[in-house]
There are 2 protein chains.
Amino acid sequence: MDVKTVCLGMLTDGEASGYDLKKNFESSFGHFFAAGYGSIYPALASLAEQGFVQCREIAQAGKPDRKVYRITEQGRQRLLEELDNPNPSHKVRSEFLATMCFAHLMTAEQIQTVLHNRIAEIERYMQLFDDFEASCMNESSGGMVFTVGLGRAYMNAMRGYIEEHGHMLFEAQETPKQNATA
Amino acid sequence: MDVKTVCLGMLTDGEASGYDLKKNFESSFGHFFAAGYGSIYPALASLAEQGFVQCREIAQAGKPDRKVYRITEQGRQRLLEELDNPNPSHKVRSEFLATMCFAHLMTAEQIQTVLHNRIAEIERYMQLFDDFEASCMNESSGGMVFTVGLGRAYMNAMRGYIEEHGHMLFEAQETPKQNATA
DNA sequence: CGCAACATGTAAGCGGTTACATGATTAC
DNA sequence: GTAATCATGTAACCGCTTACATGTTGCG
């Protein structure tokens, strides 16, 4: 399951351009599947080449032609095959947690800053979830609703844990050497 | 913050070989920072070349020489610089959630299987957390304890959410086309 | 006047995954 | 016998990130 497959899935909701899909990746998919233009445009080109999507160009004044993609029947079949995976992965890559493992090598201010920034980012995601529910809750599939709910649940758990247990990071500092920001 | 840096951090706990570090990556770091031998051995070689670690070879009968690495003073400085980042990332890449977004294109059995497997994986992580606490809780830094606690908190949140709200994925199935497993 | 939004792409590079290669010892 | 544990590495590959390239419209 890569960016290509997710694009294909998004297109089951109706036609869209690469630009449109990017907005989708930012809003509803942002918390668990990031993708930039550098992945999306090549993905769409490749899908078109394989016959999984069809492209319709719409001329525009002063802007590049808008390229709108629509999923084909082969594309739908392909998507179903991908969705058949019984054990899709869920991977976390956290520099944040890696950093916190070594909190005893950091100053209290450094730790405080990192924690503060993490909570701020969590709040941003929470805002995204609120926006999503405010705007497109009615037209959304149960799957999307589930996804947003799960995002909210685990962001909430993280925030709660940090607020309740973050203090333990400040205990047992060993020789807080002066910062080597050089 | 890449595999190299995390290896460097692990070595602040004492000397270790690549093989040792791998076990570390699997147990305590497994839920937020995966790394295989293909990343670890080259990372150690590169760190040694840069003077951030020193290598001591221990001959062994019938096995390759055991290469034990120790962090140097430059290595410690380097690590402190890396830890100075005020906004370390926390990224999720979830084929699981991506799949669930398109649950309305799947059969009930498929969804059930995916959910079941995800919960099984969460239980595995929970077991790892228990093992960690049973074995090395006393000697561990506050940071490691925090990390494991946070992992447990969000695994728990995920599991709870799936159990309480998973049912919504089965509503509103649209034309559950027969599977295209080809 | 400058920035954000609209709109599409390419190319280099990087970091991590996977597969391959080797081989003894110990426990079931 | 066969699987797991110990133990280290290389090399190809793959997919994503980042930077670059271009240009208009409209708002404050």
Side-chain angles (χ1 to χ4, degrees), chain A residues 1-8 11 15-27 29-30 32-50 53 55-69 82 87-95 98 131, chain B residues 1-8 15-27 29-30 32-50 53 55-69 82 87-95 98:
Chain A
M1 167 96 65
D2 52 9
V3 172
K4 262 163 72 174
T5 312
V6 177
C7 289
L8 207 47
L11 291 174
E15 307 187 308
S17 66
Y19 193 82
D20 294 332
L21 293 184
K22 176 68 178 354
K23 280 190 294 187
N24 241 310
F25 272 106
E26 276 164 6
S27 58
F29 283 65
F32 66 88
F33 213 105
Y37 291 125
S39 315
I40 295 168
Y41 286 122
L44 288 170
S46 162
L47 287 169
E49 212 180 325
Q50 294 175 277
V53 299
C55 178
R56 192 162 54 89
E57 281 178 58
I58 301 170
Q60 290 185 131
K63 289 173 209 169
D65 292 1
R66 193 174 140 81
K67 290 187 170 183
V68 174
Y69 294 86
E82 294 272 1
N87 208 7
S89 67
H90 178 93
K91 291 178 187 163
V92 178
R93 177 99 181 177
S94 180
E95 299 185 354
D131 293 349
Chain B
M1 168 96 65
D2 51 10
V3 172
K4 263 162 72 175
T5 313
V6 177
C7 289
L8 208 47
E15 307 186 310
S17 66
Y19 192 81
D20 295 332
L21 294 184
K22 177 68 181 349
K23 281 190 294 186
N24 241 311
F25 271 107
E26 276 165 7
S27 57
F29 283 66
F32 66 88
F33 213 106
Y37 291 126
S39 315
I40 295 169
Y41 285 122
L44 288 170
S46 162
L47 287 169
E49 213 181 325
Q50 294 175 279
V53 298
C55 179
R56 192 163 55 91
E57 280 178 59
I58 301 170
Q60 290 185 133
K63 291 174 207 167
D65 291 2
R66 192 173 140 84
K67 291 187 170 185
V68 174
Y69 295 86
E82 294 272 3
N87 209 6
S89 67
H90 178 93
K91 292 178 186 162
V92 177
R93 177 99 181 178
S94 180
E95 298 184 356

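Residue numbers begin at 1 in each chain, while the letters A, B, ... track the order of the sequences. This is a predicted model, so every value here is computed, not measured.
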Open item on the list: At less than 4.0 Å, is any side-chain N or O atom of A/Lys67 found next to OP1 or OP2 of C/dG9? Yes or no.
Closed with: yes
- [ ] State whether B/Ser39 places a side-chain N or O below 4.0 Å from either non-bridging phosphate oxygen (OP1 or OP2) of C/dG15.
- [x] no
TODO: Calculate the interatomic distance between A/Arg66 atom CZ and C/dA5 atom C1'; express it in whole Å.
DONE: 13 Å
Open item on the list: As an exercise, state the distance from OH of A/Tyr69 to CG of A/Leu8, rounded to the nearest 0.5 Å.
Closed with: 13.0 Å
Task: d(CG, A/Leu44; C1', D/dC16) in whole Å - done: 15 Å
Open item on the list: Please report whether the ring centroid of A/Phe33 lies less than 6.0 Å from that of A/Phe29.
Closed with: no
Task: B/Ser17 side-chain proximity, nearest of C/dT10, D/dT10, D/dT8 - done: D/dT8
Open item on the list: Counting only heavy atoms not in B/Lys22 (residues, nucleotides, ligands), do more than 12 fall under 6.0 Å from its NZ?
Closed with: yes
Task: Below 4.0 Å: OP1/OP2 of C/dA7 and any side-chain N or O of A/Gln60 - done: yes
Task: A/Arg93 side chain near C/dG15 phosphate (N/O to OP1/OP2, under 4.0 Å) - done: no
Open item on the list: Can you see if the side chain of B/Tyr41 gets near the phosphate of D/dT8 - specifically, an N or O under 4.0 Å from OP1 or OP2?
Closed with: yes
TODO: Using only side-chain N and O atoms of A/Tyr19, determine if any of them is under 4.0 Å from OP1 or OP2 of C/dC6.
DONE: yes
TODO: Tell me which of B/Tyr37 and B/Lys91 sits closer to the 5' end of DNA chain D, going by the nucleotide each one is nearest to.
DONE: B/Tyr37
TODO: Starting at atom CD of A/Glu15, determine the distance to atom P of C/dA7, rounded to an integer number of angstrom.
DONE: 14 Å
Open item on the list: How many whole angstroms separate atom CZ of B/Phe32 from atom P of C/dG16?
Closed with: 14 Å
Open item on the list: Side chains of A/Ser94 and B/Lys91 only: does a donor on one sit below 3.5 Å from an acceptor on the other?
Closed with: no
